[in-house]
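This report concerns only the one structure given below.
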Amino acid sequence: ILGILITATYVGQAFCIARGVAAVFADDRIAVIVTYLVIAVFCILFRGLLISCNESFSRTMAAKVKGHIRSLLLEKLMLLG
């Protein structure tokens, strides 16, 4: 789910930047241009938060898997004597 949300922020950022650039060339009001840029910046910041959560979750799961593998290996070694 986090990967999909991260990808969605890339798409949202690209969309907002594209619309913002189109608004500049269409001579729209500055408020419209700034709105698109603010939303693009929000997408960037939100993506940073999501990536941080994703890395934290990955670290936690890697530690659990490593611990489980170590315990299985220790059990095998104890059986062998």
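Since the structure is predicted, the reported quantities are computational estimates derived from the model, not experimental observations. One-based numbering along the sequence shown. All heavy atoms count here, side chains included; hydrogens, waters and symmetry mates do not.
Placement of I39 and V21 in two distinct hydrophobic clusters is found when ILVMFWY residues are connected by side-chain heavy-atom separations under 4.5 Å, directly or transitively. Under the 4.5 Å side-chain heavy-atom criterion for ILVMFWY residues, no single connected hydrophobic cluster contains both I44 and V38.
Checking side-chain atoms of S56 against main-chain N and O of S52 turns up no donor-acceptor pair under 3.5 Å.
Rounding to the nearest 0.5 angstrom, the gap separating the CD1 atom in I51 from the CD1 atom in I6 is 5.0 Å. Atom OG1 in T35 sits 10.0 Å away from atom CD1 in I30 (nearest 0.5 Å). Separation of atoms CD1 (I1) and CZ (F57) is listed at 11.0 Å; rounding is to 0.5 Å. Interatomic distance, L50 CG to I4 CD1, rounded to the nearest 0.5 Å: 12.0 Å. One finds the CG atom of L37 at 15.0 Å from the CZ atom of F42 (value rounded to the nearest 0.5 Å).
Across L2 and N54, no two heavy atoms sit closer than the pair CD1-CA, 3.7 Å. The shortest non-hydrogen separation linking C43 to Q13 is SG-N, 3.9 Å. Listed here is the closest heavy atom pair of A23 and V32: CB-CG1, 4.3 Å.
Other residues, nucleotides and ligands contribute more than 12 heavy atoms inside 6.0 Å of the CG atom of L73.
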Check your understanding: side-chain contact (heavy atoms from CB on, under 4.5 Å) between I69 and V65: does it pass, once the steps are laid out?
Key -> CA-CA 6 Å; I69 289 173; V65 168; 3.8 Å; yes

Practice item. Start with the C-alpha gap between T9 and L5, add the side-chain angles, then the distance that decides, and say whether side-chain contact (heavy atoms from CB on, under 4.5 Å) holds. Key: CA-CA 6 Å; T9 61; L5 289 174; 5.8 Å; no

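The side-chain hydrogen bond (donor to acceptor under 3.5 Å, both in side chains) contacts involving residues 63-81 comprise nothing, where partners must be two or more places apart or lie in separate chains.
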